[in-house]
2 protein chains.
Amino acid sequence: MGTDPPDSRIACFERLCRQRRLPLTPQRRAVLRFVVEREDHPTADQVCEAVRPQLPGISRASVYRVLDMLVRIGMLTKVCHPGSAVRFDPRVGRHHHLVCLQCERIIDVEDPRLNRVPLPDVRGRGFQINDYHIHFRGICAACLGKKNTRARTTRPVGRPRAGHRTGPTNRSR
Amino acid sequence: MGTDPPDSRIACFERLCRQRRLPLTPQRRAVLRFVVEREDHPTADQVCEAVRPQLPGISRASVYRVLDMLVRIGMLTKVCHPGSAVRFDPRVGRHHHLVCLQCERIIDVEDPRLNRVPLPDVRGRGFQINDYHIHFRGICAACLGKKNTRARTTRPVGRPRAGHRTGPTNRSR
DNA sequence: TATCATCCGATATTTAATATCAATCACTCG
DNA sequence: CGAGTGATTGATATTAAATATCGGATGATA
């Protein structure tokens with residue numbers, strides 16, 4: 001369902017709104033249309049900028065409100081990664097993400113094998129698992145391209161002690 | 001390594017600091033000690049409040065700085081979930097999390113089977129996967145206890161159209 | 001078209017996190 | 001043990017993300 005073409009998703013959204021007696025405003029249409037047409041996962045700010053040309057007066061607050069509403073009715077999901085604002089994902093079915101540690105891009109990934117991950121036995125702890133989601137962390141193609149831009153997680157901290165080796169010698173500053 | 005007892009982790013931290021010529025300040029000790037002694041994953045603010053009694057003058061900025069430094073040298077990892085501030089996790093090895101959708105508690109989970117998740121074939125897209133991490137979403141024991149406090153994700157939006165059924169009838173309010 | 005609940009835009013506010021800078025402190029070396 | 005040096009600290013200001021408020025506007029229904 002989260003992978004249907006944009007028009008189908010808009011139609012689904014309109015149906016949902018009518019069912020729930022939620023007004024179908026131009027703001028809501030525009031925000032949803034933008035997010036479902038994007039391959040990546042825009043932040044609220046990106047949505048705001050992108051929608052302004054078509055809806056000149058739209059306010060930031062409305063974008064936040066509409067996005068939140070779209071999440072609540074199940075048209076979008078939120079994804080989040082340390083260091084960046086929350087992003088919105090038009091796919092609500094189970095799928096997973098590649099997260100670039102360098103540019104924070106979030107890329108969808110789907111693989112039938114990933115739907116057969118065993119659930120941990122947490123009954124002893126009384127936790128009820130509803131769903132799961134895998135973050136694959138790494139470096140995306142674009143960032144691998146621009147070499148030597150070191151990933152945040154591997155940035156050396158401090159300076160090596162002169163005369164002592166503490167593992168591989170840190171090269172640059 | 002992320003599961004060693006607190007004292008061992010503190011010792012490891014001191015070794016790291018000496019190796020990298022990073023000053024070993026009381027603030028750094030206190031912050032690290034607090035996080036490694038906690039079962040849950042405190043936010044920067046929680047760390048700040050908890051450390052104040054022992055280190056009355058510690059500033060919020062220092063807590064942020066110290067936590068950031070501890071992440072960079074590999075003593076902690078950041079975990080994040082939509083709707084709450086970043087949390088800090090003393091376990092740096094591969095492990096996974098139960099995320100309560102209601103109270104946002106984050107609970108560690110480890111299961112050898114979860115270390116054998118197949119990596120998706122993303123070579124075509126040029127993404128280099130370094131590691132992965134699974135979020136199991138659901139409701140924790142404490143929240144299951146206080147019944148009828150509806151989970152955020154299942155909160156009905158809008159009102160059902162009178163006379164029409166749109167799936168399971170919404171019961172409360 | 002009239003009615004009414006809801007939503008929108010503008011604004012202010014909260015919260016999380018970062019930047020700046022003088023004074024202090026930890027570490028090293030003599 | 002004491003001085004020198006560079007990084008850290010605390011205070012403050014600032015940025016950024018997200019939410020709250022409220023009068024006026026708008027969509028849905030009849």
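The sequence lines fix the lettering, A, B, ..., with proteins before strands; numbering per chain opens at 1.
For the helix from C:dT1-D:dA30 to C:dG30-D:dC1, the end axes, each set by the C1' atoms of five terminal pairs, are bent relative to each other by 40° (nearest 10°).
Counting only residues at least two apart or on different chains, the salt bridge (Lys or Arg N to Asp or Glu O under 4.0 Å) pairs with a member in residues 37-47 of chain A are A:Arg33-A:Glu37, A:Arg38-A:Asp40, A:Asp45-A:Arg60.
Following rounding to the nearest Å, A:His81 (NE2) and C:dA17 (P) show an atom-to-atom distance of 14 Å. Between B:Met69 atom CE and C:dT18 atom C1' the separation is 18 Å, expressed in whole Å.
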Protein-to-nucleotide contact annotation, 5' to 3' order, nucleotides 11-19 of chain D [B base; S sugar-phosphate only; - none; under 4.0 Å, heavy atom] = B-----SBB

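The existence of a salt bridge linking B:Arg91 and B:Asp108 is confirmed by a sub-4.0 Å separation between a basic side-chain nitrogen and an acidic carboxylate oxygen.
Between B:Thr25 and D:dT8 there is no side-chain N or O to OP1 or OP2 distance below 4.0 Å.
Cation-pi contact between B:Arg94 and B:Tyr132: present, with separation from the ring centre below 6.0 Å and deviation from the ring axis of at most 45°.
Every residue was checked against the salt bridge (Lys or Arg N to Asp or Glu O under 4.0 Å) condition with B:Glu49, not counting sequence neighbours, and none meets it. With sequence neighbours excluded, no residue forms a side chain to side chain donor-acceptor pair (under 3.5 Å) with B:Gln54.
Residues from residues 26-40 of chain B with heavy atoms under 4.0 angstrom of DNA chain D, sorted by number: B:Gln27, B:Arg28.
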Would B:Cys80 and A:Cys80 satisfy disulfide (SG to SG under 2.5 Å), going step by step from the backbone distance to the final call?
-> CA-CA 7 Å; B:Cys80 136; A:Cys80 136; 2.0 Å; yes

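The side chain of B:Arg21 lies closest to C:dT28, out of C:dG9, D:dT29, C:dT28.
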